[in-house]
2 protein chains.
Amino acid sequence: MLELAILGVLKEQDLHGYELKKRLAETLGALSSVSFGSLYPALARLEAAGAVEAVDVAGAVAVSSIPMTGSIGGEVAALRARRTTGRGSRGKKVYGITPVGERLFEELLATESASGDDDRAFNLKLAFARHLPADARLGLLERRRAQLVDRLTKARSAIRARRERLDAYSRSLMEHGTETTERDISWLDRLIAAERGHRTRKAEQT
Amino acid sequence: MLELAILGVLKEQDLHGYELKKRLAETLGALSSVSFGSLYPALARLEAAGAVEAVDVAGAVAVSSIPMTGSIGGEVAALRARRTTGRGSRGKKVYGITPVGERLFEELLATESASGDDDRAFNLKLAFARHLPADARLGLLERRRAQLVDRLTKARSAIRARRERLDAYSRSLMEHGTETTERDISWLDRLIAAERGHRTRKAEQT
DNA sequence: GGATAGATATATCGGCCCGATACATCGGGT
DNA sequence: ACCCGATGTATCGGGCCGATATATCTATCC
């Protein structure tokens, strides 16, 4: 799952581990801040699979998609002089995504992850939903909705079954949980409606 | 963390692994259903530490902590004939909590878990909050509140900082996230108020 | 009566992820 | 001159998960 996140961020800009971690933290929201203990191994895995590769330190960070002003040329040369490829003198190792990585990204993003369509997995995929075709996006939202509805049903029956034996704290916890799930479902409904709206408008344009 | 959950459930009733899993699932809410791949090792760990022990299959479920009536002796003997200790004929292995386990439970529940007072950790502790002294309970709630406020601040500044570069999906995800966090905080405020209410009323009684 | 399926039940394996830790360098403040 | 905090890479032990293997009990169908 981390692979997907890394590839998605690297898709927009070449980065080195430390910065990648910060970018991941703000992309995935405050929750699920990735640790180095998982980031570096994941990066190593991706590199071994040929999905990412260490790129030239200088050009990468500054360039990527935004045309340069050209004033940083001096810095670039200075850095290049101290062995920019692989680990530079400072040990920095900038990674970039490869075509293989792009394909892997599409694949991971589209995967219906068989059994455990985990909460974090959904959040992650939604964050990159713009890279999905419209129908896959809708499918993602609807699968998630179904999952939450199922969870809600189960949670409610669990509360009903044990209402008397629950103390105030557990009960409050469970009730708050179901309310949160209800709100999540409404939110998904709004997203789904918006999605269908786009689709309809597009269909009408033809 | 799983240890705490196991001990908490076992505190109320002796159970074998399979049933323990079900009980855990409904105690911890629909989310975070424990897998056998973590449950059995955790149980083994606890057993090695002397916090739980395999108990007599028959008597255990009925008895645990309640003085026995003595009428179940027959059943016990019948089951004992088929080797009730350890794995019975059916392979069932019923666990009970020991005094060591009780102490471990108190300790784990009271631990301020140093760094990562994880979401799940909080939910779990709240579910067993009735076993905490009132001040520790209040501390738990307030620490959690502070944590969420901090998260909210960070999330908001992250949104503000990248508002223009965010696509609709990421933005919606983040905004929904902050709303959820806000609601979590209000919920905590209600719990805290209730907690203080109890305390005040108790103080007035003296 | 016997087959078949599904719930009950325990256990292990590989793999991912986390927290802690180690180590090194750089920039800025005192 | 010195130290501290941010930057930066990396590993290690351990916990948890999903998949899988195995076996028994129970209910249902033919």
Side-chain angles (χ1 to χ4, degrees), chain A residues 1-6 15-25 28 31-49 52 54 57 61 75 78-79 82-84 86-95 108 111-121 124, chain B residues 1-6 14-25 28 31-49 52 54 57 61 79 82-95 108 111-121 124:
Chain A
M1 216 70 275
L2 224 192
E3 270 95 341
L4 173 60
I6 292 175
L15 291 169
H16 51 99
Y18 194 86
E19 207 160 359
L20 191 53
K21 181 183 189 297
K22 287 194 294 186
R23 196 62 63 92
L24 280 170
L28 311 194
L31 29 71
S32 78
S33 59
V34 184
S35 72
F36 289 120
S38 43
L39 179 60
Y40 284 116
L43 229 25
R45 256 166 9 236
L46 286 171
E47 192 175 20
V52 304
V57 174
V61 183
E75 271 175 86
L79 282 168
R82 313 202 236 144
R83 229 166 46 104
T84 59
R87 310 121 172 268
S89 74
R90 166 76 166 281
K92 230 188 285 191
K93 206 168 163 185
V94 176
Y95 289 96
L108 288 175
T111 309
E112 296 190 11
S113 50
S115 54
D117 214 16
D118 183 272
D119 290 15
R120 293 164 85 174
L124 185 53
Chain B
M1 218 69 275
L2 224 193
E3 270 95 339
L4 173 58
I6 293 175
D14 294 354
L15 292 168
H16 50 99
Y18 194 87
E19 207 159 359
L20 190 54
K21 181 185 190 299
K22 288 194 294 186
R23 196 62 65 94
L24 280 170
L28 312 193
L31 31 71
S32 77
S33 58
V34 184
S35 72
F36 288 120
S38 42
L39 179 60
Y40 285 115
L43 228 24
R45 249 157 26 227
L46 286 171
E47 193 175 20
V52 304
V57 175
V61 183
L79 281 166
R82 309 202 241 143
R83 229 163 49 101
T84 59
T85 312
R87 309 118 173 271
S89 74
R90 165 77 166 282
K92 231 189 280 190
K93 206 168 162 184
V94 176
Y95 289 98
L108 288 175
T111 308
E112 296 189 12
S113 51
S115 55
D117 215 15
D118 184 272
D119 290 15
R120 294 164 83 172
L124 185 53

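This one's a predicted model, so the numbers in the text were calculated from it and none came from an experiment. By convention in this document, chain letters (A, B, ...) are assigned in the order of the sequence lines, proteins followed by strands, and residues within each chain are numbered from 1.
Here dT8(C) presents its C1' atom at 12 Å from NZ of Lys21(B), a figure rounded to the nearest Å. Between the NE2 atom of His16(A) and the P atom of dT25(C) there is a distance of 17 Å, given to the nearest Å. Remark: C1' of dG15(D) and CD1 of Ile6(B) are 12 Å apart, rounded to the nearest angstrom. Counting to the nearest Å, the C1' atom of dT7(D) and the CG atom of Leu15(A) are 14 Å from each other. Taking atom CE of Met1(A) as the reference point, atom C1' of dC17(C) lies 13 Å away to the nearest angstrom. One can place NZ of Lys92(B) at 12 Å from C1' of dA7(C), the figure rounded to the nearest angstrom. Taking atom CZ on Arg45(A) and atom P on dG14(C), their separation rounds to 17 Å, with Å as the unit. The separation between Leu24(A) atom CG and dC18(C) atom C1' is 15 Å, rounded to whole Å.
Heavy-atom distances under 4.0 Å link DNA chain D to Phe36(A), Gly37(A), Tyr40(A) of residues 33-42 of chain A, given in residue order.
Consecutive Watson-Crick or G-U pairs involving DNA chain D, each under 3.5 Å on both distances, make up stems of three or more pairs at C:1-30 with D:1-30.
Note that the NZ atom of Lys92(B) and the CG atom of Leu15(B) stand 10.5 Å from one another [nearest 0.5 Å].
With sequence neighbours excluded, the residues satisfying side-chain contact (heavy atoms from CB on, under 4.5 Å) with Ser35(B) are Ser38(B). Remark: Arg120(B) pairs with no residue by the side chain to side chain donor-acceptor pair (under 3.5 Å) rule, at least two apart or across chains. Taking Glu3(A) as the reference, Arg45(A) meet the salt bridge (Lys or Arg N to Asp or Glu O under 4.0 Å) condition, with sequence neighbours excluded. Partners of Ser33(A) by side chain to side chain donor-acceptor pair (under 3.5 Å), not counting sequence neighbours: none found. In terms of the ring pair (Phe, Tyr, Trp, His ring centres under 6.0 Å) criterion, residue partners of Tyr40(A) (sequence neighbours excluded) are, by chain and number, Phe36(A).
Residues Leu39(B) and Leu24(B) are in side-chain contact: their nearest non-hydrogen atoms beyond the backbone lie under 4.5 Å apart. The closest side-chain heavy-atom distance from Leu20(B) to Val34(B) is not below 4.5 Å.
Contact between Ala121(A) and Met1(A) at its shortest, heavy atoms only, is CB-SD, 3.6 Å. Nearest heavy atom pair, residue Gly17(B) against residue Leu43(B), reads CA-CD2, 4.2 Å. The two residues Lys93(A) and His16(A) come nearest to each other via the heavy atoms O-CB, 3.2 Å.
For Lys93(B), a side-chain nitrogen or oxygen approaches OP1 or OP2 of dA11(C) to under 4.0 Å. The phosphate of dC18(C) has OP1 or OP2 within less than 4.0 Å of a side-chain N or O from Arg120(A).
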Nucleotide N/O of nucleotides 21-23 of chain D paired with protein N/O under 3.5 Å:
none

